[in-house]
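Residue numbers begin at 1 in each chain, while the letters A, B, ... track the order of the sequences. Computed from heavy atoms alone, side chains included, the values below leave out hydrogens, waters and symmetry copies.
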There are 2 protein chains.
Amino acid sequence: MTMPVPLPAVTSVTRQLSRRSVFEALLHRSPISRADLAKVTGLSKQTMSEVIDAFGQQGLVRQVGRTSGNVGRTAVLYELSPEGGHVLGIDLGARRLTVALADIAGRVLAEADEPTDSRGGAWALDQIARLSDRLARDNHTHPSRIRSIVLATPGVVNPKSGAIEMAPNITGLGHLNVVGLLSEKLGNPVIIENDINLALLGEIWHGCAQNVANVAFLALGSGVGLGLYANGQLVRGENGAAGEIGYLPLGGDPLQAESRLQGCLEYQVGATGVLRRYREAGGSEVDSVIQVFERAQVGDPIASQVLDETARLTGLAAAAVIAMVDPQLIVLGGSVGARPDFADQVARVLLQLSPRPVEIRTSTLGRRAGVVGALSVALSRLHDAFFGVSELAAALPLPPPAHRTARQ
Amino acid sequence: MTMPVPLPAVTSVTRQLSRRSVFEALLHRSPISRADLAKVTGLSKQTMSEVIDAFGQQGLVRQVGRTSGNVGRTAVLYELSPEGGHVLGIDLGARRLTVALADIAGRVLAEADEPTDSRGGAWALDQIARLSDRLARDNHTHPSRIRSIVLATPGVVNPKSGAIEMAPNITGLGHLNVVGLLSEKLGNPVIIENDINLALLGEIWHGCAQNVANVAFLALGSGVGLGLYANGQLVRGENGAAGEIGYLPLGGDPLQAESRLQGCLEYQVGATGVLRRYREAGGSEVDSVIQVFERAQVGDPIASQVLDETARLTGLAAAAVIAMVDPQLIVLGGSVGARPDFADQVARVLLQLSPRPVEIRTSTLGRRAGVVGALSVALSRLHDAFFGVSELAAALPLPPPAHRTARQ
DNA sequence: TATTTATTCGGTCTATTGACGAATTAAACT
DNA sequence: AGTTTAATTCGTCAATAGACCGAATAAATA
């Protein structure tokens, strides 16, 4: 039942392209008959039968009944089989660890979460392995059949090495070779990506930013960060540090020591910044931004003013994003940013700032955004492993300025 | 001699891919023999002979002698023939019009420029047609054999419609259907792109930003603007307005009327802004930023202070760029930005601002950057028209969240 | 003579086309 | 009403064309 699916022993580029388009059609139109697949893909019925036979032998597709009621012979309907492969998405937050399992067709099979092991570091990695294993076994999937794993983590993830570079607020994570350790523990290669970037991809896949080619995800919670999606691609930056808008020179003197250290904007609108401003303005004793919101709601003028300023600065950051990358949509997320009342305030600020205001939405996936985004990347990578044509897809590079003229 | 080259009557995907890789090898390694081409591309000698024969019949390649001095039979050497096609790059500046001609191999054949017709609008378009025609004929190329034309223009170019949307400082250009009119006048489809974006691509192709995947081009001249290149792609934004950093909320009150109208940063560091600040600080009579630089050089403290402030604000803008998109390199361009003394000042400001300072260079192509970038885009488009595989290259889209379950 | 280049020939893989049998519904006829 | 016939659709078989490679062979040269 759980025979490992062999990687397709593909011979020619042509057949790989055929397989790819059949797979894509199955992904978006199943259940579907071979005849309809042939029409949709433009391939011949003959080729279609060959490809579907091969898919069946690899466990990629399965029959799901027949057509009926139409004139003519009935057709066998096919869909992608869960046997084809599974993917795992993991969101390692400072407070909460979430894991989700999906099959090759993108059907989310299960999701589980726990408080993150507060000892951090290696303990958290062990916890990930335990939770992932449990999730796989509960869904009758042997862990070894999970073919693609993506981990969402706070901090700056170097896109080349996969190292976590800026110390995240999970103890001792920066000093571990997370990719290596987790890959070993889980028995499969693991990809790491910044949690905000993955939350953005989550909203694009299953959330409030579907079918949009240019989006920004502005996360405001304990810290502030940005995810950028331009031309249908994630913008990571040279060192994976794109979107570190805590360092935007807004809301204070950027040359000040605190600004240089933790970032000028972060110093004002990060959770500790908000609490500090509330305290300095004479507010009563609180220890979370949520409590400041509660105070404001019961009429505390200091709390209101502190939050107004927070919204104003967030609006300035959004205006900077609009000026720089011209998104079609800005999604507000994070424990503070996703609050509708706060988002409304930011939108009002933006209306006064920007020559062409951009649509603002709040995250619809909330805390699940990261894990959903991790699933989407894991799924994309699985698809590419089976049906990728990346070596063909590269754009034709232009010739360098100096031409070799040597004869040989 | 000037038989129009027919578009390749390609049959199969496989052959198109072979043609593509042979073309790419010719682009980067000519002159080269068929045997070497076979080694480089991994294709068989047999296939190579077929492809080269086809290229020869289409006028895409030509022989350029034989090898000699080696043991064994001599080999015929081939290179791309200029007969294969020509491209035109045009930079329509407010002051100066530049046109350049290149062949399919990217060899720049000629370049010409004139002061832009000050009457603007339709007159400028006529001037473009005249200059382009002259350039083509002077190089023994019939204008109809130019297969790809790209125009660099100030203003926001809508990436979908090609319309020029923000009124540029060329009279009456915003109200014309520039794509339609120019395409008709030149007898070939014309692509329009923002001049700063093209200057950036120029520096990437032939200038100071070669082989860099993440670059920003910060242009400071009469206005201020930014070109963004991330993941090896130009970032245009949803409306082509990415990089309109004149609207960054830096250097003043962003709610002020002037800031909202022409942009907060632009109001300070644009040419009129610099001159206004110099005037308001009690500076003597000047009518160009260059003159302010000259005053500063001869010891005018007001001029120095105004320029310091300009560099400081430019540095803040650069810091914002770094925080948001994490480039590997920032290129400073424009009549003000490209000045080495100014760039040094900006770099010094940045050193105090940014946690990880980014390399700063000044434009090496200067005024030619725009036209070179236009050539590079025109060339890319020509190559794609012949050898593009964009329909194959698209990433496999993920399935939508809701699955159809209807039987048919 | 040894080596390298280029061509020819045969074999394999893949996709398409057209013909055909199988399965089903709709229509027509006794 | 029950049966036969026609129409339609699905899927397979066989033939053919395009494209690739490898081996053998001819040609040219240090």
Side-chain angles (χ1 to χ4, degrees), chain A residues 8-23 25-26 29-57 61 63-79 387 389 391-392 407-408, chain B residues 8-23 25 29-57 61 63-78 387 389 391-392 407-408:
Chain A
V10 165
T11 51
S12 80
V13 176
T14 324
R15 182 52 71 115
Q16 177 74 342
L17 289 169
S18 297
R19 292 170 57 94
R20 179 187 162 91
S21 56
V22 174
F23 178 78
L26 280 167
R29 299 167 190 263
S30 65
I32 184 172
S33 70
R34 271 180 278 184
D36 282 350
L37 278 172
K39 278 176 206 147
V40 165
T41 59
L43 298 167
S44 69
K45 288 187 289 180
Q46 174 62 23
T47 305
M48 191 53 57
S49 286
E50 290 173 21
V51 171
I52 289 289
D53 279 357
F55 278 7
Q57 281 179 19
V61 299
Q63 303 186 3
V64 282
R66 310 181 72 93
T67 56
S68 70
N70 296 334
V71 175
R73 181 176 168 179
T74 58
V76 179
L77 295 174
Y78 295 87
E79 69 175 9
F387 305 106
V389 288
E391 67 283 2
L392 311 178
R407 299 294 151 91
Q408 57 185 55
Chain B
V10 165
T11 53
S12 81
V13 176
T14 324
R15 181 62 92 176
Q16 178 74 342
L17 289 170
S18 297
R19 292 169 56 94
R20 180 189 164 89
S21 56
V22 173
F23 177 77
R29 299 167 189 265
S30 64
I32 185 173
S33 71
R34 269 180 281 183
D36 283 350
L37 278 172
K39 277 177 208 147
V40 166
T41 59
L43 297 167
S44 71
K45 287 186 285 186
Q46 169 62 17
T47 305
M48 191 53 56
S49 287
E50 290 172 22
V51 171
I52 290 288
D53 280 357
F55 278 6
Q57 282 180 18
V61 298
Q63 301 187 4
V64 281
R66 310 180 70 93
T67 56
S68 68
N70 297 334
V71 175
R73 181 172 168 180
T74 58
V76 180
L77 294 174
Y78 296 87
F387 304 105
V389 287
E391 67 283 0
L392 311 178
R407 302 292 151 89
Q408 57 185 54

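Residue A:S18 places at least one side-chain N or O closer than 4.0 Å to OP1 or OP2 of C:dA15. Taking side-chain N and O atoms only, B:S68 has no distance below 4.0 Å to OP1 or OP2 of D:dT29. Of the side-chain N and O atoms in A:R34, none sit less than 4.0 angstrom from OP1 or OP2 of D:dT9.
The backbone N or O of B:T67 lies less than 3.5 Å from no partner atom in the side chain of B:T74, so there is not a single donor-acceptor pair. Between the A:R20 side chain and the A:F387 main chain, a donor and an acceptor come within less than 3.5 Å of each other.
Side-chain contact annotation: B:S21 with B:T41, donor-acceptor N/O pair under 3.5 Å absent.
Taking atom CG of residue B:L17 and atom P of nucleotide D:dC21, one finds them 12 Å apart after rounding to whole Å. Whole-Å rounding puts the B:L77 CG to C:dA6 P distance at 9 Å. Taking atom CZ on B:R15 and atom C1' on C:dT16, their separation rounds to 18 Å, with Å as the unit. The nearest whole Å value for the distance from the CE atom in B:M48 to the C1' atom in C:dA6 is 13 Å. Residue B:R66 contributes atom CZ, which lies 9 Å from atom C1' of D:dA28 at whole-angstrom precision. At whole-Å resolution of the value, NZ in A:K39 and C1' in D:dG11 are 12 Å apart.
Backbone-only contact: B:T74 has heavy atoms under 4.0 Å from sugar-phosphate atoms and none from a base. Using a 4.0 Å heavy-atom criterion, one finds that A:T14 contacts the sugar-phosphate atoms exclusively. B:S49 comes within 4.0 angstrom of the backbone, heavy atoms only, and of no base.
The base of D:dC13 lies close enough to the side chain of A:Q46 for a donor and an acceptor atom to sit less than 3.5 Å apart.
Judged by closest nucleotide on DNA chain D, A:Y78 is the one of A:Y78 and B:E50 placed further toward the 5' end. The nearest heavy atom of DNA chain C to B:R73 and to A:L43 marks one nucleotide each, and the one closer to the 5' end goes with B:R73.
For A:A75, the side-chain atoms get nearest to D:dG11 when compared with the rest of C:dT5, D:dC20, D:dG11. Of the candidate nucleotides D:dT8, C:dT5, D:dT12, C:dT5 has the atom lying nearest to any side-chain atom of B:K45. Ranking C:dA6, D:dC13, C:dA26 by closeness to the A:V71 side chain, first place goes to C:dA26.
Distance check, rounded to the nearest 0.5 Å: OG of A:S33 to NZ of A:K45 gives 10.5 Å.
Remark: aromatic rings of A:Y78 and A:F23 are distant, center separation not under 6.0 Å.
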